[in-house]
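The first residue in the sequence is number 1, and the count goes up from there. Atoms within each ligand, like the ligands themselves, are counted from 1 in listed order.
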Amino acid sequence: GEVSPAIDSPGAALARSYPVRITVVGAGDVGVACAYNILTRDICSELVLVDVLKDKLKGQVMDLQHGGAFYSTRIRAAESYEDTAHSAVCIITAGVRQRPGESRLELMDRNAALFKGIIPPLVQYSPNTILLIVSNPVDLLTHLAWQMSGLPRERVIGSGTYLDSSRFRTLLAQRLGIDTASVQAMVLGEHGDSSFVYRSGITVGGVPLRTCFERMTDAASASTAFYDLVKGVHQQVVAAAYEVIKLKGYTNWAIGSAVGSIVTTIVHDRRKVLPITTHAGSMRGLESADVFLSLPCVLGRNGVVEVLQILPFMESDEKEDLQSSIEALQSTPKKAS
Ligand code: 6V0
């Protein structure tokens, strides 16, 4: 039936004509890589970009719009947060990035201050949205966004170690000479220097990687070779962003691909298992840890459906690594000073 325009905001009217709207806040190098990846996936009817730099925003949006013949998504620059109303997913990429040598945690104060002007208006206009935080330090900012938003915790997530996991799988696959899709592995914990590999979960074509080593040689040297390989690849993963930042000033394409995959999983209610930032308390045994960090999450249309309960299956040093990641995150102040 007809809806009275008097009780209908322009945002609500648009939401009816464009059923799946996705918002990207921050039209910098990361925001645009996310936007572009989402466009090529044809998963939404409208993509809205937000930035405080109006000319830059207009330029980015025009440039994306000019490819309109090649994708079916409508692209708009938001004039105000009202234009983002009824977004299914809001992706936050606004804020400063690491300078060469700077750690992610060092960005906290500057980026937390920006969130005060971003999270409340976004949630005001999209009260049922999923917030996907990408700005760094992503775990601390996901925690802050959850506190500011008042949303249930399954609806506030961060891209977390999904990117680190892709880096790990790619680099390991290269060393093994096997396609990345056949190499399953998760990096968990902080997206940053204290991340760790869930070693027992690494499989190649469904075969535990550790088993592959054990078949080749005696148990002791197999174990050493397995640990050394995982450690070497993980060190490359931790160094990866620093290396790229030193070379080109920032990273954007890999994170854009990770975000496109996360958003697709949400919009299509895929229920994929992804290592993304969530509240630690969803893991039995970590209830008292008041931090957000990456754990294996089943992700769907309403956010995190459940967290896979891997804690009892983790080796003692993996549990120590998880504890160190929790402590690294707890020792950094969460609020802007
Ligand atoms: P950039 O290219 O400087 O873009 C940031 C954009 O944010 C700029 O266009 C700003 O104008 C805009 N901005 C600033 N304040 C606001 C505001 N209040 N509202 C709206 N827009 C605003 O940085 P880049 O895109 O390279 O990086 C953005 C963030 O992503 C940084 O914090 C990075 O550290 C982080 N990354 C996170 C990754 C992850 O894996 N989670 C990966 C790469 C970068």
Indicate the atoms forming the closest heavy-atom contact of Trp146 with Phe292, along with that distance. CE3-CE1, 3.6 Å

Out of Thr277, Leu114, Thr251, who is nearest to atom 43 (C) of ligand 1 when you count heavy atoms only? Thr251

Going by distance only, is there an N or O of Asp29 that falls short of 3.5 Å from an N or O of ligand 1? yes

Going by the order shown, which atoms of ligand 1 are within less than 4.0 Å of some heavy atom of Leu53? 11 (O)

Go through the steps to decide whether Lys246 and Glu243 satisfy the test salt bridge (Lys or Arg N to Asp or Glu O under 4.0 Å), and finish with yes or no. CA-CA 5 Å; Lys246 205 170 143 200; Glu243 210 180 328; over 6 Å; no

How far apart are the closest heavy atoms of Leu151 and Thr129, and which atoms are they? CD1-O, 4.0 Å

So for Asn136 against ligand 1, with non-hydrogen atoms under 4.0 Å, the contacting part is both

Taking only heavy atoms of Asn111 into account, list the atoms of ligand 1 that are under 4.0 Å away from them. 32 (O)

What distance separates Leu122 CG from Ser149 OG, expressed to the nearest 0.5 Å? 10.0 Å

Within-shell test, Ser159 vs ligand 1, heavy atom, strictly < 4.0 Å: yes

How far apart are the C-alpha atoms of Arg284 and Glu306, what are their side-chain angles, what is the distance that settles it, and do they pass the salt bridge (Lys or Arg N to Asp or Glu O under 4.0 Å) test? CA-CA 11 Å; Arg284 278 194 294 282; Glu306 65 174 311; over 6 Å; no

Spatial distance of atom NZ (Lys58) from atom CG (Asp63) [nearest 0.5 Å]: 13.5 Å

Contact (N/O only, under 3.5 Å) between Ser135 and ligand 1: no

May I ask you to identify the nearest protein heavy atom to atom 22 (C) of ligand 1, giving residue, atom name and distance to one decimal place in Å? Ala94 CB, 3.5 Å

The closest protein heavy-atom partner of atom 28 (C) of ligand 1 is Thr93 O, 3.0 Å

Looking at every heavy atom in both Gly249 and Arg97, which two are closest together, and how far apart are they? O-NE, 3.9 Å

With the threshold set at under 4.0 angstrom, would you say Val134 reaches ligand 1 through any of its heavy atoms? yes

Around atom 26 (O) of ligand 1, find the nearest protein heavy atom and jot down its residue, atom name and distance. Arg97 NH1, 2.9 Å

Under 3.5 Å between any N/O of Val96 and any N/O of ligand 1: does that happen in this structure? yes

Closest non-hydrogen protein atom to atom 4 (O) of ligand 1, residue and atom name please, with distance? Gly28 CA, 3.2 Å

Ligand 1 atoms nearer than 4.0 angstrom to some heavy atom of Val25 are 20 (C)

Shortest protein contact, atom 40 (O) of ligand 1 (heavy atom only): His191 NE2, 3.1 Å

Counting heavy atoms only, name the option from Gly31, Ala27, Gly95 that's nearest to atom 14 (C) of ligand 1. Gly95

Would you indicate whether the side-chain heavy atoms of Leu229 and Phe213 approach each other to under 4.5 Å? yes

For atom 18 (N) of ligand 1, closest protein heavy-atom neighbour: Ile118 CD1, 3.7 Å

Any ion pair linking Asp139 and Arg104 (charged N to carboxylate O, less than 4.0 Å)? no

Arg271 bridged to Asp269 by N-O distance under 4.0 Å: yes

Donor on one side chain, acceptor on other, Ser324 and Asp321, under 3.5 Å: no

Which option, Val30, Asp51, Val24, Leu107, owns the non-hydrogen atom nearest atom 8 (C) of ligand 1? Asp51

I need the atoms of ligand 1 closer than 4.0 Å to a non-hydrogen atom of Lys56, numbered in the order shown. 8 (C), 9 (O)

Of the non-hydrogen atoms in Val183 and Ala173, which two are nearest, and what is the gap between them? CG2-CB, 3.8 Å

Counting from 1 in the order shown, the ligand 1 atoms closer than 4.0 Å to a non-hydrogen atom of Leu163 are 40 (O)

